[in-house]
Amino acid sequence: MTAAFYQNETKFYVAVDCIILGFDQKELNVLLYKRKFEPMMGQWSLMGGFIKAGESIEEAASRVLTDCTGIDNLFMEQVGAYGDITRDLGERVISVAYYSLVNMNDFSSETLEEYNAVWAKVSEVPQLIFDHNQMITDTLARLRRKAATRPVGFNLLPEKFTLPQLQNLYEAIYQTQLDKRNFRKKLNAMDILEKLDEKDKKGSKRGAFYYMFNKEKYDHLLEQGFYFSL
């Protein structure tokens, strides 16, 4: 009986698109793939799919992320909804975009081959289908705001990382060079990193100590009103 309430209303398709970001020591990258079906088959696209019956928007985005990456429980946050009338050449489709931050080292070559996917530098993204370029632009703006108040950047790094790697990451996010002394002074003041005895010696004989993010300590500080800021 409830279906009769809306029988005169127009029905639309609802989809999710996922902006999957990774970091390769120097630059942010986004995962793209060649679309395998019409419309615009063979063009570069973000990962996405339609929402299934009995599935929430977040569940759909989580499913797409897991299917495309093979990784569960990724960091994920909504960017916004895109509903321009002519955005999709096939039908009237409203898409809700989510971005996710991943460690590129967690990806296998088999996963990339299965989806005919590639990592593209965000500074060199080609023309994508529909409004996917705008989704990436909006995502980067949101990530910069988020990274200023929450340590989301650690999702892009391996479990163990060096301070130069961490600084390179934040320079990539903000697209600007950060003062090394001030950057490390702020990190030391927050006291949310655990220094390890192990060193990364790939860059020099002297090497750089590895660190780990202490999420438990950060969460405890957050409860006390602590505010992350870099």
Side-chain angles (χ1 to χ4, degrees), residues 18-31 62 65-66 68-77 99-112 117-124 139-140 142-230:
C18 296
I19 302 93
I20 304 171
L21 298 175
F23 179 65
D24 68 351
Q25 307 299 321
K26 286 293 183 180
E27 291 198 55
L28 283 177
N29 290 256
V30 60
L31 193 64
S62 181
L65 281 173
T66 300
C68 295
T69 65
I71 308 170
D72 293 317
N73 301 317
L74 286 171
F75 170 86
M76 181 183 78
E77 187 171 88
Y99 80 96
S100 182
L101 307 176
V102 302
N103 179 0
M104 290 172 64
N105 294 328
D106 291 339
F107 273 76
S108 65
S109 58
E110 290 80 7
T111 300
L112 295 176
V118 298
W119 287 105
K121 297 176 182 178
V122 295
S123 59
E124 300 175 1
T139 292
L140 295 175
R142 187 176 185 85
L143 175 61
R144 286 163 189 152
R145 292 194 300 270
K146 187 79 172 181
T149 59
R150 292 290 185 271
V152 294
F154 293 103
N155 291 284
L156 292 160
L157 292 170
E159 186 178 12
K160 298 185 298 183
F161 52 85
T162 65
L163 293 185
Q165 286 176 327
L166 184 60
Q167 181 168 341
N168 286 340
L169 168 62
Y170 276 87
E171 288 179 341
I173 290 175
Y174 290 108
Q175 292 293 289
T176 189
Q177 193 168 6
L178 301 175
D179 181 79
K180 177 180 176 180
R181 183 176 297 178
N182 288 339
F183 181 79
R184 297 194 177 190
K185 183 178 179 180
K186 288 182 178 180
L187 282 175
N188 289 333
M190 287 185 283
D191 192 30
I192 55 174
L193 299 183
E194 298 291 339
K195 187 177 181 180
L196 307 179
D197 293 332
E198 185 181 355
K199 278 188 173 184
D200 174 15
K201 295 189 176 181
K202 293 191 292 291
S204 66
K205 290 184 179 180
R206 183 180 179 185
F209 280 104
Y210 279 112
Y211 288 77
M212 292 179 66
F213 173 58
N214 190 325
K215 187 177 185 302
E216 187 175 320
K217 181 182 287 187
Y218 172 75
D219 289 341
H220 179 68
L221 290 172
L222 201 61
E223 293 173 358
Q224 299 176 326
F226 172 80
Y227 205 69
F228 181 87
S229 176
L230 274 180

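Start at 1 with the first residue, then count along the sequence. Computation of the quantities below employed the complete heavy-atom set of this structure, encompassing side-chain atoms and omitting hydrogens, waters and symmetry-equivalent molecules. None of the values given here were measured: they were computed from a predicted structure.
- Using a distance-only test at 3.5 Å, with no hydrogens or angles considered, no donor-acceptor pair links the side chain of Y218 to the main chain of M190.
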Could you tabulate the donor-acceptor pairs under 3.5 Å formed by side-chain atoms of residues 70-77, not counting sequence neighbours?
unit_1: E77; atom_1: OE1; unit_2: Y99; atom_2: OH; d: 3.3
unit_1: E77; atom_1: OE1; unit_2: R142; atom_2: NE; d: 3.0
unit_1: E77; atom_1: OE2; unit_2: K146; atom_2: NZ; d: 2.9

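- The nearest pair of heavy atoms linking Y174 to A148 is OH-N, 3.0 Å.
- Ring geometry for F161 against F154 counts as tilted: the plane angle lies between 30° and 60°, on a 0 to 90° scale.
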Between T176 and E171, is a side-chain hydrogen bond (donor to acceptor under 3.5 Å, both in side chains) present by the stated rule, with each step listed?
CA-CA 5 Å; T176 189; E171 288 179 341; over 6 Å; no
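- With rounding to the nearest 0.5 Å, the separation of CG in L21 from CG in L140 is 6.5 Å.
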Passes side-chain contact (heavy atoms from CB on, under 4.5 Å), L65 versus I20? Steps please.
CA-CA 8 Å; L65 281 173; I20 304 171; 3.6 Å; yes
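- Minimum interatomic distance between P151 and F213 (heavy atoms only, all atoms of both residues): CG-CZ, 3.7 Å.
- Side-chain contact between M104 and W119: present, with at least one pair of heavy atoms (C-beta onward) separated by less than 4.5 Å.
- When all heavy atoms of L193 and Y211 are compared, the pair lying nearest together is CB-CD2, 3.9 Å.
- In this structure the side chain of F183 never reaches within 4.5 angstrom of the side chain of R181, judged on heavy atoms.
- Separation of atoms CG (L169) and CG (L178) is listed at 10.0 Å; rounding is to 0.5 Å.
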Would you sort out whether L112 and F107 count as a side-chain contact (heavy atoms from CB on, under 4.5 Å), showing the intermediate values?
CA-CA 8 Å; L112 295 176; F107 273 76; 4.1 Å; yes
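- From M212, atom CE reaches atom CD1 of I192 across 13.5 Å, with rounding to the nearest 0.5 Å.
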In sequence, state the C-alpha distance, the side-chain angles, and the governing distance for L143 and I173, and then conclude on side-chain contact (heavy atoms from CB on, under 4.5 Å).
CA-CA 8 Å; L143 175 61; I173 290 175; 4.2 Å; yes
Check against side-chain contact (heavy atoms from CB on, under 4.5 Å), L28 and K121:
CA-CA 6 Å; L28 283 177; K121 297 176 182 178; over 6 Å; no
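- L163 contributes atom CG, which lies 8.5 Å from atom NZ of K195 (distance to the nearest 0.5 angstrom).
- Residues A117 and L31 approach most closely at CB-CD1, 4.1 Å, considering heavy atoms.
- With hydrogens and angles disregarded, a donor-acceptor distance shorter than 3.5 Å links the side chain of N29 to the backbone of E27.
- Looking at every heavy atom in both residues, Q167 comes nearest to D179 through NE2-C, 4.2 Å.
- One distance of note links CG of N214 with NE2 of H220; it measures 11.0 Å at 0.5 Å rounding.
- E124 CD: more than 12 foreign heavy atoms inside a 6.0 Å radius.
- In this structure, Q165 contributes its side chain and T162 its backbone to a donor-acceptor pair below 3.5 Å.
- Residue-environment remark: NZ (K199) exceeds the threshold of 12 foreign heavy atoms within 6.0 Å.
- Interatomic distance, CG of D219 versus CD of Q224, reported as 11.5 Å (0.5 Å rounding).
- When every heavy atom of A172 is checked against every heavy atom of K26, the shortest pair comes out as CB-O, 3.6 Å.
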